[in-house]
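When a residue number appears, it is its place in the shown sequence, counting from 1.
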Amino acid sequence: QVQLVESGGGSVQAGGSLRLSCSASGGTFSSYGMGWFRQAPGKEREFVAAVRWGSGFTNYADSVKGRFTISRDNAKNTVYLQMNSLKPEDTAVYYCAARSRLSTYARLESYDYWGQGTQVTVSS
């Protein structure tokens with residue numbers, strides 16, 4: 001049973017930074033890539049960023065380009081999301097997810113495993 005555990009959430013003022021981590025464990029973990037999604041109160045879960053384990057190729061939502069950076073440590077089965085220049089509209093629960101095959105990286109349905117989420121709150 002694959003488990004994804006996020007950490008690093010918290011509260012920060014606008015303009016500040018946070019780094020989220022997502023560690024994968026359990027069973028035989030074989031994943032094509034990882035993604036970060038977020039869900040604000042009353043809104044649908046939305047794509048934030050994705051990375052492929054092998055190539056390291058990354059994709060970002062337009063709303064976070066230039067501010068957020070996704071990276072991975074293959075040896076540790078860990079993915080990071082460095083968030084800089086945070087804005088109040090970045091406030092949400094952030095989820096990491098793993099997909100086991102080539103698929104559309106921004107779609108929730110492409111991901112097989114999900115973490116429990118970590119809260120990020122940005123105050124103005």
Side-chain angles (χ1 to χ4, degrees):
Q1 182 72 16
V2 174
Q3 290 185 324
L4 303 178
V5 179
E6 302 101 333
S7 61
S11 297
V12 65
Q13 289 191 328
S17 298
L18 284 173
R19 189 176 84 152
L20 305 182
S21 299
C22 174
S23 296
S25 62
T28 302
F29 183 71
S30 177
S31 169
Y32 179 80
M34 302 289 290
W36 284 98
F37 290 76
R38 66 186 182 187
Q39 188 166 18
K43 295 188 177 181
E44 295 185 349
R45 193 170 299 189
E46 63 176 8
F47 169 74
V48 175
V51 64
R52 298 183 189 177
W53 280 115
S55 65
F57 190 76
T58 59
N59 299 93
Y60 296 93
D62 288 342
S63 59
V64 305
K65 278 182 182 176
R67 300 189 298 123
F68 290 12
T69 303
I70 188 171
S71 61
R72 89 278 191 235
D73 185 330
N74 297 52
K76 295 181 179 180
N77 278 349
T78 300
V79 176
Y80 305 96
L81 185 68
Q82 178 66 45
M83 306 185 293
N84 298 329
S85 302
L86 282 161
K87 304 175 181 179
E89 50 263 44
D90 294 319
T91 295
V93 177
Y94 282 71
Y95 299 89
C96 74
R99 56 188 174 118
S100 58
R101 61 200 179 282
L102 177 63
S103 53
T104 305
Y105 58 82
R107 293 186 62 195
L108 276 71
E109 296 80 3
S110 296
Y111 293 81
D112 306 291
Y113 303 101
W114 290 85
Q116 81 289 350
T118 185
Q119 177 70 47
V120 171
T121 303
V122 185
S123 58
S124 57

Margin query: With rounding to the nearest 0.5 angstrom, report the CG to CZ distance, Leu18 to Phe68.
Written below: 9.0 Å
Checklist line | ILVMFWY network linking Tyr94 to Tyr111, side-chain heavy atoms under 4.5 angstrom | finding: no
Next item on the list: Measure from the side-chain N and O atoms of Ser23 to the backbone N and O of Val5, and report whether any donor-acceptor pair falls under 3.5 Å.
Entry: no
Margin query: Rounded to the nearest 0.5 Å, what separates atom CG in Leu108 from atom CZ in Phe37?
Written below: 5.0 Å
Notebook entry, point to check: Are the side chain of Thr121 and the backbone of Thr91 linked by a donor-acceptor contact shorter than 3.5 Å?
Noted result: no
Checklist line | Any donor-acceptor pair under 3.5 Å from Glu6 side chain to Gly117 backbone | finding: yes
Check: In Å and rounded to the nearest 0.5 Å, what is the OH to OH distance from Tyr105 to Tyr60?
Finding: 11.5 Å
Next item on the list: Measure from the side-chain N and O atoms of Arg52 to the backbone N and O of Phe57, and report whether any donor-acceptor pair falls under 3.5 Å.
Entry: no
Notebook entry, point to check: Does the distance from a Lys or Arg side-chain N to an Asp or Glu carboxylate O, for Asp62 and Lys65, drop under 4.0 Å?
Noted result: yes
Check: Would you say the side chain of Leu4 lies within less than 4.5 Å of the side chain of Tyr95, judging by non-hydrogen atoms?
Finding: no
Notebook entry, point to check: To the nearest 0.5 Å, what is the distance between CD (Glu44) and CZ (Arg38)?
Noted result: 14.0 Å
Item checked: Spacing of Arg72 atom CZ and Cys22 atom SG [to the nearest 0.5 Å] -> 14.5 Å
Notebook entry, point to check: Any chain of hydrophobic side-chain contacts (each under 4.5 Å) joining Trp36 to Val12?
Noted result: yes
Check: With distance as the sole test, does Asn74 use its side chain to make a donor-acceptor pair with the main-chain N or O of Gly54 at under 3.5 Å?
Finding: no
Check: Does one hydrophobic cluster hold both Tyr32 and Tyr113, with members joined at side-chain heavy-atom distances below 4.5 Å?
Finding: no
Item checked: Heavy-atom check, side chain of Val2 versus side chain of Asp112, under 4.5 Å -> no
Next item on the list: Indicate, with yes or no, if Leu81 and Val64 share a hydrophobic cluster defined by side-chain heavy-atom contacts under 4.5 Å among Ile, Leu, Val, Met, Phe, Trp and Tyr.
Entry: yes
Check: Does the Ser103 side chain pair with the main chain of Arg101, one donor and one acceptor, at a distance under 3.5 Å?
Finding: yes
Notebook entry, point to check: Within the distance-only criterion (no hydrogens, no angle test), does the side chain of Ser31 pair as donor or acceptor with the backbone N or O of Arg99 below 3.5 angstrom?
Noted result: yes
Check: Looking at CD of Glu89 and OG of Ser124, how far apart are the two atoms once the value is rounded to the nearest 0.5 Å?
Finding: 10.0 Å
Note to self: Can you confirm whether Gln116 is buried at CD, in the sense that more than 12 heavy atoms of other residues, nucleotides or ligands lie under 6.0 Å from that atom?
What the structure shows: yes
